[in-house]
Amino acid sequence: MATEKTTVKKTTASTTKKTTSSGSTAKKTTKTATSAAPKTAAKKPASKPAVKQEKKKILFVASESTPFIATGGLAEVVGSLSKSLAATGNFDVRVVIPLYSDIKKEYREKFNYLGNLYVHLAWRNQYCGIFSYEKDGVTFYFIDNEFYFKRPGCYGYYDDGERFAFFSRSVLEIMPFLNFYPDVMHCHDWQAALAAIYLKTNYCFRQEYQYIRALFTIHNIEYQGWYSLDLLGDLFDIYGSYQHLVEYKNCINLMKGAIECSERFSTVSPMYANEIKTEYYSHGLDPIVKRNEFKLCGILNGIDVEGYNSALDKHLYANFTADDFSNKAICKKELQKLLGLPQKPETPIIAMVSRLVSHKGLDLVTTVIEELLQDDIQFVILGTGDAHFEGYFRNLASRYPDKLSANIVFNGDLSRKIYSGADVFLMPSKSEPCGLSQMIACRYGTIPVVRETGGLYDSIKPLVNGYTFTNYNAHDMMYVIRKAVSDYKNKEEWAKLMRRAIDSDFSWNHSAQEYAALYLDMLK
Ligand code: GLC
């Protein structure tokens with residue numbers, strides 16, 4: 001793929017002086033970033049020069065990406081899909097995210113400072129520093145503004161609307177600076193929705209932007225970016241003539257705006273693409289989804305199968321493969337020891353690694369768990385979330401210390417020890433756009449029990465690589481869990497099931513090809 005050297009425009013003094021204070025810890029290598037660029041890089045992309053077949057340029061716009069910062073599945077998908085697309089050799093893939101202060105220091109120190117500019121947003125004029133970093137063939141850009149992003153975590157602030165409006169506007173503003181105009185700008189979730197909206201409204205008459213196609217991917221339709229209409233001009237800097245694009249139910253709805261403005265929109269599984277056309281799943285957006293159905297598709301996420309590999313994962317107590325599961329027993333024994341559960345090899349461990357929120361199916365779990373705990377099972381739960389559920393599971397653990405372990409934390413190392421040491425993985429979500437945990441569990445030979453919704457439906461097939469139930473009903477779930485627990489006793493059959501689970505293809509190979517085809521189709 002093209003590197004910084006061939007694409008960063010040679011800039012003047014503005015890039016060598018860092019005018020505000022970001023006090024950022026990132027290394028300043030302005031010189032490298034600016035002086036290395038050949039002068040030829042400054043040619044106008046809009047003139048479509050006649051050169052040999054170039055790689056198609058894809059710019060991901062997202063609020064998080066592994067390995068730099070992650071609060072959930074979105075980051076994993078942005079990090080692993082971009083890498084897989086770059087690996088095809090057909091795309092110049094770049095990703096832009098905010099430079100949060102929580103971005104891991106080990107990376108931050110290696111970032112290159114490219115320069116800065118000022119970004120207008122209504123009456124605001126805000127500093128925008130640009131850093132870059134190359135990883136696995138992908139160029140990552142980081143938007144620096146300490147006022148907006150030097151805060152713990154990524155979201156949950158009163159001014160999130162303004163923060164991501166600034167971020168989205170910066171994405172368009174850095175294009176001339178980098179002399180990089182993508183063929184497809186691929187925006188993820190509501191935080192990046194405004195990038196697609198600005199592209200097709202405020203920027204649509206600028207020549208360089210006219211060839212850029214927008215793809216908007218919905219990772220979760222629950223979070224849409226609702227704001228008061230009063231903020232249209234003053235905060236979001238959207239002209240009144242475009243109000244109809246973002247207006248929904250007398251409010252601004254950024255996800256709705258991105259659906260309207262993008263050439264295509266997608267979701268992270270085919271089933272979820274169907275589900276969001278219905279009132280039950282759409283969180284109010286089904287009329288908009290249906291009206292734009294002609295440009296909707298669903299592509300199942302993959303996972304980073306190299307990162308989740310039971311044969312190599314260093315977090316595990318012992319490694320094992322689909323051909324020889326014997327070390328999984330060590331993982332189980334050590335997990336039981338770690339969590340203070342009796343070390344019983346024959347007692348199946350049912351695990352959940354999940355945000356502790358209602359739509360993950362916790363209402364079903366709390367309804368029947370005490371009954372289930374009467375069986376010969378152990379139950380392990382890991383995650384944080386609603387105080388109500390956190391308290392519930394803590395309390396349960398104190399009442400059933402030999403049967404249930406509640407770990408109310410977010411801990412990547414422990415999650416892998418649980419994925420590898422457990423026997424059954426429970427994911428009874430009420431809705432699940434894709435879900436990655438059920439795929440990860442399979443990679444460790446832990447058999448998923450899932451509700452047939454969204455990506456759970458698309459990835460887990462009954463008795464092929466897991467167990468499923470259809471209705472959002474606690475006793476249906478319990479029936480299927482008990483079926484799994486009883487099948488677990490048949491060692492030979494269970495081993496076959498584990499083998500099929502590990503062998504399920506959850507790599508990006510197939511889905512990255514689907515995205516590739518989608519991009520090419522959009523560029524026709
Ligand atoms: C969101 C969805 C989850 C999906 C992930 C990545 O977190 O809730 O189902 O797997 O995005 O697309």
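For clarity, every value in this text was computed on a predicted model and none was experimentally measured. Ligands are counted one by one from 1 in listed order, and the atoms in each one are counted from 1 as well. Along the sequence shown, residues carry numbers from 1.
At least one N/O-N/O distance between Cys434 and ligand 1 falls below 3.5 Å. For ligand 1, the polar-atom distance check finds no N/O of Lys360 at less than 3.5 Å from any of the ligand's N/O atoms.
Interface atoms of ligand 1 facing Pro433, defined by a heavy-atom separation under 4.0 Å, are 2 (C), 8 (O), 9 (O). Counting atoms of ligand 1 from 1 in the listed order, those under 4.0 Å from a heavy atom of Asn301 are 6 (C), 10 (O), 12 (O). Ligand 1 places these atoms under 4.0 Å from at least one heavy atom of Val77: 6 (C), 12 (O). Ligand 1 places these atoms under 4.0 Å from at least one heavy atom of Val268: 12 (O). Set against the non-hydrogen atoms of Gly73, the atoms of ligand 1 under 4.0 Å away are 5 (C), 6 (C).
The aromatic ring centres of Tyr133 and Phe140 sit 6.0 Å or more apart. Between Tyr227 and Phe236, the gap from one ring centroid to the other is short of 6.0 Å.
With hydrogens left out, the protein atom closest to atom 9 (O) of ligand 1 is Glu432 OE2, 2.6 Å, a heavy atom. Among all non-hydrogen protein atoms, the one lying nearest atom 11 (O) of ligand 1 is His219 CB, 3.4 Å. For atom 10 (O) of ligand 1, the nearest non-hydrogen atom of the protein is Gly435 N, 2.8 Å.
Remark: the Glu162 side chain and the Tyr157 side chain contain no N/O donor-acceptor pair separated by less than 3.5 Å. Side chains of Tyr472 and Arg451: no donor on one and acceptor on the other come within 3.5 Å. Neither side chain, Tyr419 nor Asp313, offers a donor N or O lying under 3.5 Å from an acceptor on the other.
In Asn220, the part holding a heavy atom less than 4.0 Å from any atom of ligand 1 is the side chain.
Across all their heavy atoms, Phe166 and Cys128 have their closest contact at CZ-CB, 4.0 Å.
Of the candidates Lys277, Glu275, Lys256, Met255, Lys277 is the only one forming a side chain to side chain contact (heavy atoms under 4.5 Å, CB included) with Val289.
The cationic group of Lys417 lies under 6.0 Å from the six-membered ring centre of Tyr317 and within 45° of the ring axis, placing it in a cation-pi geometry.
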